[in-house]
Q: 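Please see the structure below; I have some questions.
We use all heavy atoms of the structure for the numbers below, so side chains are in, but hydrogens, waters and symmetry mates are not.
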Amino acid sequence: MHVPPARFLTGAILLALGGTAAAQQAQPLAPVVVTATRSAQSPYDIPAAIDSVRTPPDGTLDVNLSERLQSIPGVTARDRQNYAQDTQISIRGFGARSTFGIRGIRLYTDGIPATMPDGQGQVTHFNLDSAERVEVLRGPFSALYGNASGGVIQLFTADGTTPPEWRFGVAGGSNGVFRTSLNARGVEGPVDYNVDLSHFRTSGYRDHSAARRESGNAKLGWKIDDDRKLTLVLNAVDIPGAQDPLGLTKAQFHADPRQVASVADTFNTRKSADQQQAGLIYDQRIDNANSLRVMTYYGQRTVTQYLSIPVATQTSQRGNSGGVVDLGNAYGGGDARWTWRDDLLGRPFELAAGVAYDNQHQHRQGYNNFVGTTLGVRGALRRDEIDRVFDFDQYAQATWRVADAWTLMGGVRHSDVHFDSDDRYIVPGNPDDSGSERYSATTPVFGVLWRAASWAHVYANWGRGFETPTFSEIGYRADGGAGLAFDLKPSKSRNSEVGIKLQPTDGMKAGLAVFRADSDNELAVATNVGGRTTYQNIARSRRQGIEASFDGTLANELHLVASYTHLEASFRTPFLTCVSAGCAAPDTPVSAGTRIPGVPRSMGYAALKYGGDTGVQAGFDMNAMGATTANDLGTAVAPGYALFGLSGGYVFDEGPWRVNTFARVDNLADRHVIGSVIVNDGNGRYFEPAPGRTFLVGVDVTWR
């Protein structure tokens with residue numbers, strides 16, 4: 001018998017609440033979040049879907065952001081086991097088309113953007129060892145963060161502690177995995193600090209997938225007086241020569257999931273990345289009602305990547321950029337925000353208004369990946385351009401508790417995004433591709449929360465959003481002509497959501513949300529030939545679904561976390577795409593109703609944990625993912641799977657010492673599954689295998 005997902009999830013949540021409320025023991029919830037409202041508020045009182053993860057999962061490396069996000073509904077976070085390409089993250093289907101980096105969602109660390117003005121982002125510099133929490137905002141209110149905000153993920157570094165702490169951690173396991181970290185945090189007079197250094201390396205589950213990452217993060221706060229504070233955030237990350245195993249065809253995956261495509265070895269595909277950035281935040285309480293926050297930041301990032309584009313393609317294809325990508329980035333900007341908190345018509349009211357400016361200056365060069373008969377080395381120059389993109393945005397949002405049972409929240413943001421490209425490589429057969437374009441949009445949002453009971457809050461919201469093409473997507477024109485693809489239009493969406501938040505006790509919470517997003521001018525692949533991908537606008541697309549979550553204590557020291565997402569993401573209008581190696585223009589029809597690739601139809605997570613602050617710790621978890629299409633035609637599909645993990649350990653806490661020992665086994669059944677897909681790969685190598693059974697052991701020591 002088929003049970004509709006909405007009916008099944010509603011019944012499951014109510015059954016869990018009714019069956020466990022009497023047995024559970026009260027625990028404090030995460031007290032506040034700030035991403036949705038830009039001020040500290042309880043997530044239970046916000047008319048939007050927002051979650052906060054404060055502690056890492058038991059017995060994990062806590063190196064990849066995907067480890068922190070797996071319990072949050074609506075979020076697809078795949079650890080690709082490929083540190084040359086970063087984690088794949090999408091929210092409610094936004095960002096799923098990205099083959100490298102993260103697009104379609106906004107990323108922040110301590111309020112500092114990790115997403116560039118064009119919408120391209122990355123999380124390699126997220127330092128989880130020093131983090132207090134990660135907040136994830138889904139739905140319409142994400143649009144208040146500007147371009148490419150199909151969702152918002154923000155990491156917050158912990159403040160210094162009293163008494164001071166020194167922490168040391170080490171962990172190792174299968175496939176040459178090793179992680180070590182050193183952290184110091186404390187308070188000395190008016191200064192608080194949190195300084196962290198971490199090292200990670202792996203030989204990789206697959207051949208040709210070794211990687212190393214060195215990262216450092218420092219947060220230094222200076223309390224000038226009772227009303228003013230200055231915070232400095234410093235961050236650096238270095239990833240030298242991370243090997244790229246590329247994807248596999250379905251036949252290659254079934255033959256040997258640990259293998260790599262031969263061209264990975266032939267061209268020694270790899271990527272090196274190096275980044276340093278600094279941010280300065282000034283907070284001032286002007287009076288009882290008014291406050292000011294000013295943030296400024298600057299950073300530099302260099303990337304060198306060796307691709308597997310064949311020599312024949314580079315020498316025969318007009319305008320080819322070669323097989324070596326060399327990017328030098330300088331970026332920076334700032335945000336100034338004023339907040340007013342007082343009563344309006346006798347009811348609590350809060351207004352925040354601000355301006356934001358972000359700028360990226362990128363020197364993009366391309367080289368052949370061969371010299372003579374030697375492959376995988378830097379050869380002749382094939383591309384040289386200066387790309388600049390900046391945005392200037394204005395925003396305001398307000399929260400008004402108009403009655404004891406009702407809260408209204410709304411806002412608007414106006415965004416201007418300017419692109420400019422100066423082509424410095426003009427030779428016969430490669431004309432001047434310089435150009436510029438400007439995109440702008442105004443995105444309003446509105447929400448309402450009804451406190452139906454002390455244990456049940458119902459909310460609804462609506463808003464508009466937009467997403468410009470990134471510099472990577474405008475790099476080539478679909479018609480093969482000169483110039484960048486500034487004929488691409490930004491995608492604009494209409495988003496709505498209805499949900500209920502349940503909190504029968506302090507130690508238990510649950511939620512159910514139904515959402516829909518209709519987009520105009522969705523970007524999709526036009527051609528993908530010889531290492532060059534061009535894009536086109538699709539008239540209409542839709543993402544709709546349901547999310548459910550539960551987090552509560554079932555009995556003394558027995559805790560359950562569970563989430564489920566059902567998501568239908570599809571193109572609503574037909575279009576043509578190019579799938580054959582020889583096609584010069586889109587020639588293969590994609591019918592209306594075809595699923596958007598990279599988006600699983602369903603996914604779920606559950607973890608049952610036993611243990612308190614000290615003593616024995618144990619856990620059992622399940623991570624399930626539905627079948628996922630890998631190309632626009634829907635003909636390449638990664639089957640769904642369910643993987644199980646087991647963890648255990650013991651926590652000692654004596655005097656100034658706290659010692660957390662842990663061990664973990666992932667993929668208990670040792671299943672061979674496809675962990676992630678490379679959307680619309682031009683060579684048909686869509687599939688990236690997940691590891692088989694793996695083991696991890698470690699210890700974290702804290703001295704107070």
Side-chain angles (χ1 to χ4, degrees), residues 65 80 82-87 98-103 107-109 112-127 197-201 210-218 233-244 267-279 297-309 321-333 358-369 371 376-390 419-425 470-475 531:
L65 186 60
R80 306 175 64 178
N82 183 347
Y83 292 91
Q85 298 293 354
D86 211 344
T87 301
S98 178
T99 57
F100 60 91
I102 298 170
R103 306 176 208 179
L107 306 166
Y108 293 84
T109 58
I112 300 169
T115 299
M116 294 297 102
D118 67 343
Q120 179 83 42
Q122 52 85 33
V123 294
T124 52
H125 68 298
F126 275 33
N127 187 289
L197 297 173
S198 63
H199 163 82
F200 167 75
R201 68 173 183 262
R212 178 166 62 89
R213 179 194 297 170
E214 315 286 351
S215 67
N217 195 77
V233 181
L234 303 172
N235 181 274
V237 64
D238 180 33
I239 306 175
Q243 294 178 326
D244 187 352
F267 289 98
N268 190 16
T269 50
R270 62 201 186 273
K271 185 176 82 170
S272 296
D274 181 46
Q275 176 176 299
Q276 306 85 33
Q277 72 174 32
Y297 70 98
Y298 177 80
Q300 293 182 328
R301 180 176 175 86
T302 60
V303 175
T304 304
Q305 186 165 15
Y306 287 76
L307 307 174
S308 59
I309 299 175
S321 298
V324 180
V325 178
D326 189 341
L327 301 177
N329 291 281
Y331 59 91
D358 304 286
N359 178 60
Q360 179 188 17
H361 186 276
Q362 181 181 88
H363 188 189
R364 177 185 290 268
Q365 293 177 298
Y367 299 85
N368 286 336
N369 58 4
V371 175
V377 296
R378 182 178 304 205
L381 180 69
R382 298 298 303 271
R383 186 173 187 174
D384 187 4
E385 65 192 44
I386 300 296
D387 295 331
R388 184 180 180 223
V389 57
F390 71 91
F419 288 79
D420 183 79
S421 181
D422 179 17
D423 190 357
R424 298 183 173 185
Y425 184 74
T470 67
F471 257 121
S472 296
E473 290 159 339
I474 63 175

Q: Once you round to the nearest 0.5 Å, how far does CG of L197 lie from CG of N127?
A: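 If we round to the nearest 0.5 Å, L197:CG and N127:CG are 8.5 Å apart.
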
Q: Identify the two heavy atoms, one from I112 and one from G279, that lie closest to each other, and give their separation to 0.1 Å.
A: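 Nearest heavy atoms, I112 then G279: CD1-CA, 3.6 Å.
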
Q: Quick one: are M116 and Q362 in side-chain contact, heavy atoms under 4.5 Å?
A: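 No, side chains not in contact.
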
Q: Kindly indicate whether the side chain of L107, heavy atoms from C-beta on, has any atom under 4.5 Å from the side chain of V123.
A: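 Contact flag for L107/V123 side chains = yes.
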
Q: Is the closest side-chain heavy-atom distance between T109 and V233 below 4.5 Å?
A: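 Of all side-chain heavy-atom pairs linking V233 with T109, none is under 4.5 Å.
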
Q: Short question: side chain of S272, backbone of G241 - any donor-acceptor pair under 3.5 Å?
A: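 Indeed, once roles are kept as given, a pair shorter than 3.5 Å links the two residues.
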
Q: Who passes salt bridge (Lys or Arg N to Asp or Glu O under 4.0 Å) against R378, sequence neighbours left out?
A: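 Scan of R378 (salt bridge (Lys or Arg N to Asp or Glu O under 4.0 Å), adjacent residues dropped) gives D326.
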
Q: Looking at residues at least two apart in the chain, or sitting in another chain, which of them share a side chain to side chain donor-acceptor pair (under 3.5 Å) with D384?
A: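 Checked D384 against side chain to side chain donor-acceptor pair (under 3.5 Å); matches are H363.
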
Q: If we only count heavy atoms from C-beta on, is the P113 to Y297 side-chain gap below 4.5 Å?
A: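 Result yes, sub-4.5 Å side-chain heavy-atom pair found.
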
Q: For E385, give me all partners under side chain to side chain donor-acceptor pair (under 3.5 Å), at least two apart in sequence or on another chain.
A: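 Applying side chain to side chain donor-acceptor pair (under 3.5 Å) to E385 gives R383.
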
Q: In terms of the angle between their ring planes, are F419 and F471 parallel, tilted or perpendicular, with boundaries placed at 30° and 60°?
A: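 Perpendicular, since the angle between the ring planes exceeds 60°.
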
Q: Going by the rule side chain to side chain donor-acceptor pair (under 3.5 Å), which residues pair with R212 if we only count those two or more places apart in sequence or in a different chain?
A: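 Counting only residues at least two positions away or on another chain, R212 forms a side chain to side chain donor-acceptor pair (under 3.5 Å) with E214.
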
Q: What distance separates T124 OG1 from L65 CG, expressed to the nearest 0.5 Å?
A: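 Answer for the OG1-CG pair, T124 versus L65, is 11.0 Å.
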
Q: Of the non-hydrogen atoms in D244 and N82, which two are nearest, and what is the gap between them?
A: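 For D244 versus N82, the nearest heavy atoms are OD1-ND2, 2.9 Å.
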
Q: To the nearest 0.5 Å, what is the distance between CZ on R388 and CG on D422?
A: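 One gets 12.5 Å once the value is rounded to the nearest 0.5 Å.
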
Q: Using the benzene-type ring in the case of Trp, are the ring centres of F267 and Y306 under 6.0 Å apart?
A: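 Judged by ring-centre distance (under 6.0 Å), F267 and Y306 do not meet the cut-off.
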
Q: Between V325 and V303, is the side chain to side chain contact (heavy atoms under 4.5 Å, CB included) condition met? List the steps.
A: CA-CA 8 Å; V325 178; V303 175; 5.9 Å; no

Q: Less than 4.5 Å apart, side chain to side chain, heavy atoms only: is that true for N217 and F126?
A: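 No. Closest side-chain heavy atoms not under 4.5 Å.
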
Q: Give the minimum heavy-atom separation between L381 and Y425, together with the two atoms involved.
A: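 In this case the closest contact between L381 and Y425 is O-OH, 3.2 Å.
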
Q: Which of these passes side chain to side chain donor-acceptor pair (under 3.5 Å) with Y331: Q300, Q277, H361?
A: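 Filter result, single survivor: Q277.
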
Q: What do the steps show when you test K271 against T269 for side chain to side chain contact (heavy atoms under 4.5 Å, CB included), and what is the final call?
A: CA-CA 7 Å; K271 185 176 82 170; T269 50; over 6 Å; no

Q: Taking all non-hydrogen atoms of both residues into account, name the closest pair between A242 and A84 and its distance.
A: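 For A242 and A84, the tightest heavy-atom pair comes out as O-CB, 3.6 Å.
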
Q: Residues two or more places apart in sequence or in another chain: which of them pass salt bridge (Lys or Arg N to Asp or Glu O under 4.0 Å) with R364?
A: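 With neighbours one apart ignored, the set is D387.
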
Q: Can you tell me how far CZ of R270 sits from OG1 of T304, rounded to the nearest 0.5 angstrom?
A: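 Here the interatomic distance stands at 9.5 Å.
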
Q: Nearest 0.5 Å please: distance from the OG atom of S472 over to the CG atom of L327.
A: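 Answer for the OG-CG pair, S472 versus L327, is 8.0 Å.
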
Q: Tell me every residue that passes salt bridge (Lys or Arg N to Asp or Glu O under 4.0 Å) with D423, counting only those two or more places apart in sequence or in another chain.
A: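 D423: no salt bridge (Lys or Arg N to Asp or Glu O under 4.0 Å) contacts found.
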
Q: If only atom types and distance count, is the side chain of Q360 paired as donor or acceptor with the main-chain N or O of V389 below 3.5 Å?
A: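 Side chain of Q360 to backbone of V389: no pair is present.
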
Q: To the nearest 0.5 angstrom, please state how far the CD1 atom of I474 sits from the CG atom of D118.
A: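 One gets 8.0 Å once the value is rounded to the nearest 0.5 Å.
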
Q: State, with a plain yes or no, whether a side-chain heavy atom of Q305 is found less than 4.5 Å away from one of Q85.
A: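 Sidechains of Q85 and Q305: in contact.
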
Q: With a 4.5 Å heavy-atom cut-off, do Q275 and Q122 have their side chains touching?
A: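 Sidechains of Q122 and Q275: in contact.
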
Q: Can you tell me if N369 uses its side chain to pair, donor with acceptor, with the backbone of I309 under 3.5 Å?
A: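 Checked: pair present.
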
